[in-house]
Amino acid sequence: MMEPTIAKASGGETEPLWRRFRPHNIRFTLYFTYFELKKQYADSALGVMWMVVEPLLRMGLYVLVFAVLLGRRFQLVEGGNAARFDYTLYILSGLVPWHFVSFSFSRGMGMITSYAGFIRQPNFPYRTLPSVMFLLSMPGHLTSMAVLLVLFVVAGRLGEVQWHLLALAYLLIFYFMRGLITVLGAATARIMDLRNAVPLLLQVLIYTSPIIYKPEMIPEKLRFIMYSNPLSYLVGAFKYALSGDDTLSIITPILDFVILAVMAAVLVTVQQAVLTRIRSTGIDHVA
């Protein structure tokens, strides 16, 4: 299934970080992701089309609920339909990255247990697995993101998108989530209860992240909850990149990106330590 040259080039325990992003490593990562996606949808009638159909249906439902049903209650008197649509864009600007994060976490928790057989193979490039877990959620996210950008076009607000900051946000999210996926995968292999605990934790975090409300709406005495939630900065940076609105930042736009960058750097460092030890100690007890 895999080329020996790719496996040998990527499987070394002490290979420097910069060498893991060589073209053949990237090709292997993309190939393995494609293989896993086909396997995931092999038994369904629509096959890989579900990667597009499911997020389209979800986004359609959100627009119906927030723009048509709930939007009537939240629109400003002087704003009319425009305010209702702005409310919908605000909610979706938080839900789109949030679903991306939660789906990646769900896949990442099984990174070690699901691929233990592969990891045990000496020449398998197991260091690519965190990227594969991340990329498996990308098709659905890109579909949702495309719908969101179409809504920005309809609202005449596409010019507000700061594309350079959006690209930076995606880069930081990639390293942040890749590191967290590795840590969650290794921890879940040892503590199986995390499979049930993490989804519950995500349900708590979604209400302490600025998704359905603005940061300024939280009472000052309770803002420490939002500040202590690492996913708040991810959502805040993403929303600011889409809107350019300072009031959507957790602290300030610059500080939000700096904090997200620091967290990503810390997780990358931890990730390297975890990946180095996975083969020697991380899968000994995995069937």
Side-chain angles (χ1 to χ4, degrees), residues 49 51-104 137-174 176-177 206-218 226 231-261:
M49 286 298 296
M51 294 187 299
V52 175
V53 173
E54 192 273 337
L56 284 177
L57 292 175
R58 184 173 63 249
M59 291 294 287
L61 177 61
Y62 286 154
V63 171
L64 173 65
V65 171
F66 295 119
V68 179
L69 302 179
L70 293 180
R72 296 182 183 277
R73 300 179 59 187
F74 288 94
Q75 64 177 316
L76 300 176
V77 174
E78 67 275 13
N81 291 331
R84 185 194 312 175
F85 201 72
D86 286 345
Y87 170 74
T88 303
L89 290 180
Y90 176 79
I91 297 291
L92 294 182
S93 295
L95 285 177
V96 167
W98 181 265
H99 279 294
F100 185 33
V101 169
S102 61
F103 290 159
S104 297
S137 301
M138 186 61 81
H141 170 71
L142 291 179
T143 302
S144 299
M145 190 63 187
V147 174
L148 180 59
L149 291 177
V150 168
L151 294 177
F152 268 79
V153 171
V154 172
R157 297 180 56 182
L158 189 64
E160 299 176 4
V161 178
Q162 302 178 79
W163 298 102
H164 62 293
L165 290 181
L166 187 60
L168 176 60
Y170 270 114
L171 179 64
L172 295 177
I173 289 171
F174 170 74
F176 174 85
M177 291 177 58
I206 193 173
Y207 294 109
T208 58
S209 300
I211 295 177
I212 60 177
Y213 51 81
K214 288 187 176 182
E216 62 186 20
M217 297 172 63
I218 303 177
M226 178 180 65
L231 298 183
S232 293
Y233 303 98
L234 185 152
V235 173
F238 199 89
K239 281 192 172 185
Y240 177 75
L242 284 174
S243 66
D245 187 350
D246 291 359
T247 63
L248 304 186
S249 302
I250 307 303
I251 304 177
T252 66
I254 294 178
L255 280 178
D256 285 1
F257 275 93
V258 169
I259 292 173
L260 182 57

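Because the structure is predicted, anything quoted here is derived from the model rather than measured.
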With rounding to the nearest 0.5 Å, note down the distance linking [atom1] in [X] to [atom2] in [Y].
X: M145; Y: M138; atom1: CE; atom2: CE; result: 11.0 Å
X: L158; Y: L151; atom1: CG; atom2: CG; result: 11.0 Å
X: L234; Y: I173; atom1: CG; atom2: CD1; result: 4.0 Å
X: L231; Y: I250; atom1: CG; atom2: CD1; result: 10.5 Å
X: T247; Y: K239; atom1: OG1; atom2: NZ; result: 10.0 Å
X: L149; Y: F152; atom1: CG; atom2: CZ; result: 7.5 Å

If we only count heavy atoms from C-beta on, is the [X] to [Y] side-chain gap below 4.5 Å?
X: Y233; Y: L255; result: no
X: T252; Y: Y240; result: no
X: S249; Y: P215; result: no
X: V147; Y: L92; result: no
X: L166; Y: W163; result: yes
X: L242; Y: E160; result: no
X: L148; Y: S93; result: yes

Looking at [X] and [Y], what are the two nearest heavy atoms and their distance?
X: R58; Y: S144; value: NH2-OG, 3.3 Å
X: F100; Y: S104; value: O-OG, 2.9 Å
X: Y90; Y: I211; value: CE2-O, 3.4 Å
X: A237; Y: L260; value: CB-CD2, 4.2 Å
X: S209; Y: W98; value: OG-CZ3, 3.7 Å

(message) Once you measure the plane-to-plane angle for H141 and Y170, does it fall in the parallel (<30°), tilted (30-60°) or perpendicular (>60°) bin?
(response) perpendicular

(message) Surrounding CD1 of I254 (heavy atoms of other residues, nucleotides or ligands, distance under 6.0 Å), is the total greater than 12?
(response) no

(message) With a sphere of 6.0 Å drawn around OH of Y213, does it hold more than 12 non-hydrogen atoms of other residues, nucleotides or ligands?
(response) yes

(request) Check the pair I259 / I251 against side-chain contact (heavy atoms from CB on, under 4.5 Å), numbers first and verdict last. (result) CA-CA 10 Å; I259 292 173; I251 304 177; 3.7 Å; yes

(message) Give me each pair satisfying salt bridge (charged side-chain N to carboxylate O under 4.0 Å, His left out) with a member in residues 240-249, each pair once, sequence neighbours excluded.
(response) none

